[in-house]
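A quick write-up on the structure given underneath.
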Number of protein chains: 2
Amino acid sequence: MNLSRVANKLGIPLERLEGLQETIIKGCSWPEPGLIRFEKTVSGVEAGTVVFESGEVVFGYPKIRRAMMLGPALKRHFSGRVAVEEKMNGYNLRVASVDGSVLALTRGGFICPYSTEVVREQIDPQVFEDHPELVLCGEMVGPENPYVSKSVYPTDSVEFYLFDVSTKNSRRLQGVFATHQLAEEYGIQAAPFFGEFRLDRAYEEIMQIVRQLGKRGREGVVLKDPDGQVSPLKYTSSESTCSDLELAFRYYNDYAADFLVSRVIREGFQSVEWNESPEALRARATRLGESILMPLTDTIKRKMDREQIVQKMQIRVKSIQTAREFEQHLRRMGMKAIFDVPEPMDGEYLVRITKLVMSTNDKTQALIEGKTW
Amino acid sequence: MNLSRVANKLGIPLERLEGLQETIIKGCSWPEPGLIRFEKTVSGVEAGTVVFESGEVVFGYPKIRRAMMLGPALKRHFSGRVAVEEKMNGYNLRVASVDGSVLALTRGGFICPYSTEVVREQIDPQVFEDHPELVLCGEMVGPENPYVSKSVYPTDSVEFYLFDVSTKNSRRLQGVFATHQLAEEYGIQAAPFFGEFRLDRAYEEIMQIVRQLGKRGREGVVLKDPDGQVSPLKYTSSESTCSDLELAFRYYNDYAADFLVSRVIREGFQSVEWNESPEALRARATRLGESILMPLTDTIKRKMDREQIVQKMQIRVKSIQTAREFEQHLRRMGMKAIFDVPEPMDGEYLVRITKLVMSTNDKTQALIEGKTW
C-alpha cells in the first residue's frame, strides 16, 4: 500500500496517517482482500472508512443527525424543498467491487461474509461491470439478520434497500435522484421515496407519513436536500421508539443507559410537537410504560424460572462456508453467539443462532439471589 | 494539625495521607472551624469524612446498599432477626460539637450554615454537653430545603430525624436501640421504628410496611441488623421511585441517564417479586410511563411558552446572616441559585430561592429551535 497516496486521497498529512496506525486505524486481513479501517472519526475521515490493499478507499457513511422537533428542524436545516425517503430499520452496508469481487462492508468497515453472499445474489452484478467505481449504500432489513431483526418488511429473510450512491476514493454522495435512477436502471430495490415537498407544507406531509409508517411498525423517514447541499436528517415514529425500548429493556443490562433515556426523551418532544390531547398523552405514557416494564418483568420472570436469557435469530445461506465465516465474523465483532448445525432447506441452509446477553443474565441472576444494587 | 496523629486515627499510613492532599482531600476554611474533607472513599476512609483543625475526625456515613429482590436479599444478608426503620427522604447530616459549637455536616463533609441553624434549634444542646464526643446521624426532611424538598412529612419547614449515633474519631455506629434510647432520653425526633422481625416473616411484614408507606408518599425502609453485625439495606416504595422519576424527567438533562434507568429497573423487580396480576402490572406501567412523560412534556411546553425552567424552593431562617452564608454555601457546592430578598415572617425570615437547571434549559431551547440530537 502506498501510504502517501492513501493520505492524499483521505485528505490528511502522511505523518498524521502514520501516527494513527494501530490506535485509530486497525488492520484486517480476513476475509480477503486485506484492508485497514478507521475505528473512529478523525481528521475529517469518517469512522468505518476502509482502505483496501489496492489503495482504494471506501469512505464511511456519515452519521445522520436526528430532528427532535420536526417543524423547527426542517426550517432551520433546509431551504426551498425537502425530499422524503423511508428510513429502513436494519443495518447499514456499503457495497463495492474490489479487484473484481463484490463485497459488503459493515458500518464499522468489516467485510461481512453473510451480507456479501446476500448482496451478490440481490444486486445485479452488471451495475459493477458498468460502473466498477460505484459504492452502493443501503440498509439490509428483515427478520433473518443478527444485527437488527425486524419482521415488518415484505421478506421472510433479508433484503438490501439502496439509499445512496457514492464512488470509491470520493466522499461525494450522489443524492436522492441519482440513487433512484440507478436503482431503476439496474432493478435494485431502493428505500421508498415519498416525494419532494415545499418547505412550507413539508411538516404536515412528513408528520402524516411518519404516523402511517408507525402504524405499520416501520421506523420513520430520512429527509434529504434534493440538491445534496446540506446533510440529511432523520425523524422516527413512536412505535419504532417503543419497539427499541422493548428490546433494550428485555436485555436491560446489555444496553447503555443513554440508549434508553434518549429514546424516552424523543417521545416527549413528539408528543408536544403533535399537540396531543390529554387522552393521547396518557395513551402514549401507557405505551411507553408498557414498552419498558413488560419486557423487563418478562426477563426477570424467565430468569427466576431458571431460563437462560438469550436472543434467538436465524440466517439463511447458500453455502455452509458462508455460515462458518459469518460465525467467525461475529466472534471478531465481540458478539457471543452459538451457531446450530445448518439445516438444509430448499437448496439453502437455515442456521439458527443464539446470541448470549451475558451482562443481563448475570445481573438478573445476582439480583434475584438477593445481591444488592 | 498533627498529620501523623490524624493518619493514625484514619487507619492509613502518613505517607498515603500526605499523597492524597489536594486530590482526594480538600481543605475548607469557611465557615469556621477549618477542616479537610475526603471527596472520595479511599483506603477504607469513607467519602465525606472530615478532619477538623483540632485533629478530631468525623467519619463519613457509609453508603447503604439497596435490596432489589427483598425476600432473597433479607435471607442472604441477615440472620435471625431484622430491625425495620423508616427511610426518610431528605438529606443526610452528621451533627457534632466541635470546640463547643454544634455543627451540621453535609454528606460530602461541608458545614451547612442553614442546617447548622436548624439543628441548633431542634436538638437539645444538653446531649452534647453530656456527651461531647457524640456524632448524631440523621435526615433533614420537609418542604423547606434546597436539596430534597418533600411535603409528605408533618412539617411545613424542615425537621431533623435521628437514625444513627456514632462518636468522633470512631467508625463504630451504635445501632438501632442505642439510637432510639438516646432520642427518647433527649427528646430528639428519630426515624420511625417499625419493630424487629424474625427473618422467616420479615418479608411479609416489610412488604406491608412499604406498601403503606408508599400510599402516604413516603420513601421506604432501612433494614438493620439489631446487633449491628452486618451493614444495613434499604428498600423503597414504587411511589417514591415514580416521584424521583417525575422530578428527574422534569429536569431531564440535569440528571444522569443512570439515575433514571436504575429507578426504572427497580420497578421491574418489585413488580415481579410482588407477583402482580396483569392488571396491577399494567397499572404500574401506566404510572411509570406517566411519571416520565408528564413532567417531560410539561418542561418542553413551558420552554416553548418562553418560560425559564427553574426549581423553586424556600427556606426559613432566624438570622439574615444564615441566609447569606447559605447562599455562599450553595455557590460553593456548584449550585446556580438566585436568592430573593428575605421576607420577615413571624420573627423569622422566609427566603425564596430559584435554582437554575441550565443544562435542561439550554438543551430544550436548542431542540425546540430545531437543533438536532
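Numbers restart at 1 for each chain; the letters A, B, ... are given by sequence-line order, proteins then strands. All values below were derived from every heavy atom in this structure, side-chain atoms included, with hydrogens, water molecules and symmetry-related copies excluded. Remember, predicted model here, so these are calculated numbers, not experimental data.
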Requested in this report: Side-chain contact test, heavy atoms from C-beta onward, threshold under 4.5 Å: evaluate it for B:Y252 versus A:V261 and give yes or no.
Outcome: no

Query raised in the report: Between B:F259 and chain A, which part of the residue has a heavy atom less than 4.5 Å away: side chain, backbone, both or neither?
Result: neither

Query - Neighbours of chain A found in residues 276-283 of chain B - heavy atoms under 4.5 Å - result: B:L281, B:R282

Report task. Look at atom NZ of B:K234 and say whether more than 12 heavy atoms of other residues, nucleotides or ligands are closer to it than 6.0 Å. Result -> yes

Report summary line: Comparing A:L288, A:T364, A:I368, A:D258 against chain B, the one with the most heavy-atom pairs below 4.5 Å turns out to be A:I368

Requested in this report: Taking the side chain as every heavy atom from C-beta outward, state whether B:I265 and A:N253 have any atom pair closer than 4.5 Å.
Outcome: no

Query raised in the report: A:R66 versus chain B, heavy atoms under 4.5 Å apart: side chain, backbone, both or neither?
Result: both

Report task. Give, as side chain, backbone, both or neither, the part of A:S291 having an atom under 4.5 angstrom from any heavy atom of chain B. Result -> neither

Requested in this report: Please list, chain by chain and in numerical order, all residues satisfying side-chain hydrogen bond (donor to acceptor under 3.5 Å, both in side chains) with B:E369, sequence neighbours excluded.
Outcome: B:Q365

Query - Reported CZ-to-CD1 distance for the pair A:R284 and B:I292, which is rounded to 0.5 angstrom - result: 13.5 Å

Requested in this report: Apply salt bridge (Lys or Arg N to Asp or Glu O under 4.0 Å) to B:E205 and list each qualifying residue two or more places apart in sequence or on a separate chain.
Outcome: B:R201

Report summary line: Under a 4.5 Å heavy-atom criterion, the part of residues 266-275 of chain A in contact with chain B comprises A:E267, A:G268, A:F269, A:S271, A:V272

Query raised in the report: Tell me, do A:K371 and B:M68 make a side-chain contact under 4.5 Å, heavy atoms counted?
Result: no

Requested in this report: Side chain from CB out, backbone as N, CA, C, O: work out which of these in A:L367 comes under 4.5 Å of a heavy atom of chain B, or both, or neither.
Outcome: both

Query raised in the report: Which distance, rounded to the nearest 0.5 Å, do you find between the CZ of B:R287 and the OG1 of A:T286?
Result: 12.0 Å

